[in-house]
Structure formats: C-alpha cells, structure tokens
> 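Sharing a structure, written as structure tokens. Questions coming.
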2 protein chains.
Amino acid sequence: MGRPTQFDKDEALDIAMILFWKNGYEATSVSVLAAAMGITRSSFYNAYESREKLFGLVLHRYKKEAPDGVLTEITDGKPILPTLCAMFREICDLRSADPDRKGCLVINSVAELGKDAEAPPFVRDLFSAMVDRFLRLVRQARDQGELAADTDIQALAGELAAFLSGINLMSKVITDRQQLWRTCRSFLVSHKLMVEDDV
Amino acid sequence: MGRPTQFDKDEALDIAMILFWKNGYEATSVSVLAAAMGITRSSFYNAYESREKLFGLVLHRYKKEAPDGVLTEITDGKPILPTLCAMFREICDLRSADPDRKGCLVINSVAELGKDAEAPPFVRDLFSAMVDRFLRLVRQARDQGELAADTDIQALAGELAAFLSGINLMSKVITDRQQLWRTCRSFLVSHKLMVEDDV
DNA sequence: TCCGTATTGTACAATAATGTACAAAATAAA
DNA sequence: TTTATTTTGTACATTATTGTACAATACGGA
C-alpha cells in the first residue's frame, strides 16, 4: 500500500525531541528539524502535517520516559512517599548529568507560554495534569497514613508542583548534583515526606 | 552636539521590556521591537547596537522594579522574614493580576538558556545573584535569631530560590490568586518563615 | 548664520523560513 | 506485470529578518 517511509519514525521523533528540548519550541524551525531528522521538508510535512502536531507527539513520548513517570505507576495501597523521594533524587541525578543543561521539556515549554495560545495548548494541560496527579497522590498518602490526617493536601500538592518546577528550572544554572539534592532533601524533610537519615 | 534622539528612550525601553517579557528573548525580533518602539531599525541599531545589548538594559530595568527588589533594601539589623513573606504575597498578587500571564522575565529567560551561550550571559548571573542574596538573607535571619541556630542555610536558600522560581513559572498556568498564595503560605509556614495566623 | 555631529529614513544584498504543488520513485496488492 | 498508493525530491512564490551603507535631516554651539 504505497511507498513505505524511508526513515525510522521513532529515531526521527527522538531527534526532534532533543532539538525541542535543547532549543525550545519556538526556536526550532521546521527546516532545522527536517535537516536533523535526515528528511526533506517535503517528507516532514507529509509525515507530521505541522510542527505543532509533531510537538504533540514529542510531548507524548517525553511523558513516557520522563523521571516523574514513576508516579503514574503507583497503584492503590502501595506506599507513596519513598517513590516520591526517589523521583526527586532521580531528577537531581539526571539534570546534573546532562551536559546540555536542557532541564525539563515540559517546564521549558510552560515558560514559553503566552496568554494568546500561539504555543501548543497541550502544554497547559500537561502542567495541570501534574498538579492534579500530585493532589491525588498526596490525598492517597494521607489516607494511607503516610501523612498527618490534617495535612492541607491542596497546598502540599501546589508546593510540590512549584518546587519540582523550580528545581528543574534551577538545574539549568545550578549544575552541582550535591547542591540540587541537598535542596530537595531539605524540602522533603521539612514537609515530612522523608526522614533525615534516609540515604 | 548632533541631532537629538527623536524618541523617549525610557518609554522605548518599557515597550521592549514588555515584548521580551511577553514573547521571550529569542522570539522577539529587532524588526518587531523597532516597530513597537516607534522607530526604524536604523535608529534601533544606532541607539542600542544590538538586540542583546538592549536586553541587557531591559533586564537592568526589570531588576529595579521587580517584586523581589524589596529584599535588596534590607539593611543590617532589620527583621527579614516579614519582608520575605510580603514579597511572596506581592508576587501572587502581581502574577494573578496580570492578564497576559507573563510570569517573571528572569525566570522565563532562564528557561530559554541553553548550554551554548547563545542567549545573553547575564541571565545566568542574575539567577545566581538571586540564590546568593537568599543565602545572605537567610544567614542574617539566623544570626538575628529569626531562624533556629541550626538552620541549614545553604539548603534553605536553595529551597527559596527553587520555590520562588516555581511559583513564578506556575503562575503562567495557575492563575488563581488564592491558590497561589495558599501554596506560598504553606511553604512559608512549613519552613517557619511565618506563623499560620499572620494574615 | 554656519558648522559639526548624531540621528533618521531608505535602500541594499543576503539568508532563512514558510506552505504548497507536482512529478518521480518505490512498494504492496491485484 | 500492472495498478493503486504513498513517499520523496525539487521547485516556487512569499514573507521575515538581518546588518550595513549612505544620504538627508535636525539641532547645539561657535
């Protein structure tokens, strides 16, 4: 059924992801994308329709391999806080190990947001989804007795979202792993999400 | 001494600031800048030499009117925590009141940073300066007895920087003033930077 | 008034990017 | 082998953008 695609779509998507991640959505032109993917602009438009559509695919892929993905895999009844802490540690490790200082693709994209929806709309949703997920997790943790019964879960979820965003952003300037983790640990401890002597 | 400038440099700088703020550094072209400022590109290059130089001026101006400016005005001996809390509250007010959801110019610019110093270098310095300032303030607060003597001031300074960054970023998606402030208050209280019943 | 000097408008040449159109190429199925 | 179908390369017309060059302009000071 027609001529098959000459390039590896998965590989191309990876390349696109790195470019968007490194340079930002707006700053990554179709010409540059196509060239990096090793295809012509013609094939690009044929395969992805538009830069925005491709970005949607990229974000979808990013979500799957992002370090906070572990939070999605938490099932009812399982302890939450250890996974949460591990995620923060993982983020410190990943960000400080990245020689490109790319930070987090989602956070970078949120920063690009303007009121007028020039930028892809799903970025907003992705962020809101993160806040919602934190809220669910924190509620579950409270209900499971991992957090005090009188915990303000709304506020805590907000704090987690803000702090996580901030750490990801900060990692573009502060590149020392120890310093990042120390900051995270302090945050986690002061919110009783981990105890001092863990690790 | 030559023909005088036909346009108001202060006014033009303001216009440029809004544009950079709203659309980001990279996405704001000289053409658009010059047009918005009401001058020709010719005059633009004559007056500012380059977009990067202008951005330097813009950041300088921004720093002066930014909500965290109050922290610079703290002199020895004065209490620190009330001012710190007031700043967070001010930021919630400002960000939620901004119909353009611009967030913070510095934070937006940090998000644009790549490893290769394409972007103006002073952005990095500006962020580092913020961390340093938090460290000095926290140290002073501890020495003044506003914080416990065994406070890990490095970690706390990092937390403040990360959280503040995150709140500014988050304000581009979460626009409800109450929700933002609730998050900040929770953060401040859990770090003993304010007491629950303040405001 | 006239001169020096800095700003301005217009022009230029070059590069980059956009989206579309169409013919050539390559394969699966008939 | 032929046909239907999809990808691919090339081309096109358009619009942005860049930095520089140069002459025209306007004002302060002599």
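First the proteins, then the strands, lettered A, B, ... as listed; each starts at 1.
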> Counting side-chain heavy atoms from C-beta on, which of D:dC27, D:dT10, D:dA21 comes nearest to B:Pro4?
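Selected nucleotide: D:dC27.
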> Parallel, tilted or perpendicular: which fits the ring planes of A:Phe88 and A:Phe163, with parallel below 30° and perpendicular above 60°?
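The rings of A:Phe88 and A:Phe163 sit tilted, inter-plane angle from 30° to 60°.
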> Determine: side-chain N/O of A:Ser31 to OP1/OP2 of C:dT18, distance under 4.0 Å, yes or no.
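Answer is yes, contact under 4.0 Å.
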> Could you please name the option among C:dT8, C:dT20, D:dT18 that lies closest to any side-chain atom of B:Val30?
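Looking only at side-chain atoms, B:Val30 lies closest to D:dT18.
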> Hey, are B:Glu26 and B:Arg51 close enough for a salt bridge, meaning a charged N less than 4.0 Å from a carboxylate O?
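A salt bridge is present here (some side-chain N lies under 4.0 Å from a carboxylate O).
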> Given atom CG of A:Asp8 and atom P of D:dT8, what is their separation to the nearest angstrom?
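Those two atoms, CG and P, are 12 Å apart.
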> Can you figure out which of C:dT8, C:dT18, D:dT20 approaches the side chain of B:Gln6 most closely?
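Taking heavy atoms from C-beta onward, the closest nucleotide is C:dT8.
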> Distance criterion of 3.5 Å, no angle test: do you see the side chain of A:Arg3 paired donor-to-acceptor with the base of D:dT8?
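No pair found.
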> Think B:Thr40 has a side-chain N or O under 4.0 angstrom from the OP1 or OP2 of C:dG9?
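Result: yes.
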> Please give, in whole Å, the distance from C:dA23 C1' to A:Asn46 CG?
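So the two atoms are 15 Å apart, to the nearest Å.
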> List the atom of B:Asp8, the atom of B:Asp10, and the distance in Å for their closest heavy-atom pair.
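Shortest heavy-atom contact: OD1-N, 2.9 Å.
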> If you assign each of B:Tyr45 and A:Ala47 to its closest nucleotide in DNA chain D, which residue comes earlier from the 5' end?
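Per heavy-atom nearest nucleotide, the more 5' residue is A:Ala47.
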> Expressed as a whole number of angstroms, how long is the span from A:Leu33:CG to C:dA16:P?
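Checked: the CG to P distance equals 16 Å.
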> What is the minimum heavy-atom distance between B:Arg101 and B:Ser171, and which atoms define it?
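Heavy atoms of B:Arg101 and B:Ser171 come nearest at CD-O, 4.3 Å.
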> Quick check: on DNA chain C, is the nucleotide nearest B:Gly38 upstream (toward 5') of the one nearest A:Arg41, or the reverse? Name the residue that is more 5'.
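Nearest-nucleotide comparison on DNA chain C picks B:Gly38.
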> Base, sugar-phosphate alone, or nothing: which one does B:Ser29 contact when heavy atoms must sit under 4.0 Å apart?
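The residue B:Ser29 makes sugar-phosphate contact but no base contact.
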> Measure the acute angle between the ring planes of A:Tyr25 and A:Phe55, then classify it against the limits of 30° and 60° as parallel, tilted or perpendicular.
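Ring orientation, 0 to 90° scale: tilted.
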> Out of C:dA21, C:dT8, D:dT18, which nucleotide sits closest to the side chain of B:Ser43?
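It is C:dT8.
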> Rounded to whole angstrom units, what separation is found between the CZ atom of B:Phe7 and the P atom of C:dA6?
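Value for this atom pair: 16 Å.
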> Among the nucleotides D:dT18, D:dT17, D:dT8, which one has an atom lying closest to any side-chain atom of B:Val32?
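The answer is D:dT17, which lies nearest to the side chain.
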> Which part of the nucleic acid does B:Phe44 contact within heavy-atom distance under 4.0 Å: base, sugar-phosphate only, or nothing?
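Nothing: the residue B:Phe44, judged by heavy atoms under 4.0 Å, touches no strand.
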